[in-house]
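Ligands are counted one by one from 1 in listed order, and the atoms in each one are counted from 1 as well.
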Amino acid sequence: MSAGPVIVLGAGGHAKVVIELLRASGHEVFGVLDADPAPRAVVGAQVIGDDSMLESLKAQGVTCAFIAIGDNGLRLRLGRKAQKAGFTLVNAISPAATVSSSARLGVGIAIMAGAVINAETDVHDLAIINSGAVVDHDGLICEAAHVAPGCALAGDVTVGQRAFLGAGCSVIPGMKIGDDAVIGAGACVIREIPAGALAMGVPARVTGRV
Ligand code: JB2
């Protein structure tokens, strides 16, 4: 499955995982752009410059991009910027992930190995469903949210835009986690979490604002 070569934005830890994922899902990685343009390899893909190269890449026929940056707000901004510049955001979905045929996926999404997306779940643009995370039926993962490794979301859970669920969180059915909320690793969410709240613990309690 190749929509043409893909330029990856970001050369950090997340990019390592994403580049391997793109290759495993049949994409050719053209190269990497980073805020630090110093030439170097990221799991075998070359850093070729910074984001100012986007226009010249399009002229070379590179029209697909992937934003491989963990920061949710920055990933969303760069994704929209790349789309405005005429790039198609591809998805990076591990062949070792299980995605229901009734799930609805946006663009620019990473779904890592071992993740499970169950029936009639929506995953919006630029979200990350990290390794081994489970999103049960009727979930709603909004734009640029990140569900970290090993999270377990029961049915009908909403994760707001740019929200972050730390590694190993669990969430009981029907809960809503607001936009930009941050849930600490290992927390168990049994009440709704307001937008912009920081919550942690078992059961999760709001301890502040992000
Ligand atoms: O505007 C930008 C920009 N700003 C920062 N454009 C481009 N093209 N690149 C940018 N960067 C680059 O993103 C930084 O120079 C740096 O190389 C990279 C971020 O790397 P870092 O290793 O700090 O974070 P990450 O986003 O790759 O990974 C985080 O998120 C993942 C989901 C880490 O927390 C990981 O552990 C986590 N798995």
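Residues satisfying the side-chain contact (heavy atoms from CB on, under 4.5 Å) test with V123, not counting sequence neighbours, are L105, I109, I117, T121, A127, I129, I141. For F87, there are no ring pair (Phe, Tyr, Trp, His ring centres under 6.0 Å) partners two or more places apart in sequence or in a different chain.
Within the structure, ring pair (Phe, Tyr, Trp, His ring centres under 6.0 Å) pairs that include any residue of residues 116-158 comprise H146-F164 (at least two apart or interchain).
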What are the atom names and distances for all N or O pairs under 3.5 Å between ligand 1 and the protein?
unit_1: ligand 1; atom_1: 6 (N); unit_2: D51; atom_2: OD2; d: 2.8
unit_1: ligand 1; atom_1: 8 (N); unit_2: L33; atom_2: O; d: 3.0
unit_1: ligand 1; atom_1: 8 (N); unit_2: D51; atom_2: OD1; d: 2.7
unit_1: ligand 1; atom_1: 9 (N); unit_2: A35; atom_2: N; d: 3.2
unit_1: ligand 1; atom_1: 15 (O); unit_2: D34; atom_2: OD2; d: 2.6
unit_1: ligand 1; atom_1: 17 (O); unit_2: D34; atom_2: OD1; d: 2.7
unit_1: ligand 1; atom_1: 17 (O); unit_2: D34; atom_2: OD2; d: 3.2
unit_1: ligand 1; atom_1: 22 (O); unit_2: G13; atom_2: N; d: 3.1
unit_1: ligand 1; atom_1: 26 (O); unit_2: G70; atom_2: N; d: 2.6
unit_1: ligand 1; atom_1: 27 (O); unit_2: G13; atom_2: N; d: 3.1
unit_1: ligand 1; atom_1: 27 (O); unit_2: H14; atom_2: N; d: 2.8

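Exactly one residue among R162, R80, R104 makes a salt bridge (Lys or Arg N to Asp or Glu O under 4.0 Å) with D125. That residue is R80.
Under the 4.0 Å criterion applied to side-chain N and carboxylate O atoms, R23 and E20 are not assigned as salt-bridge partners.
Side-chain atoms of R75 never come within 3.5 Å of backbone atoms of I67 as a donor-acceptor pair (strictly under, hydrogens ignored).
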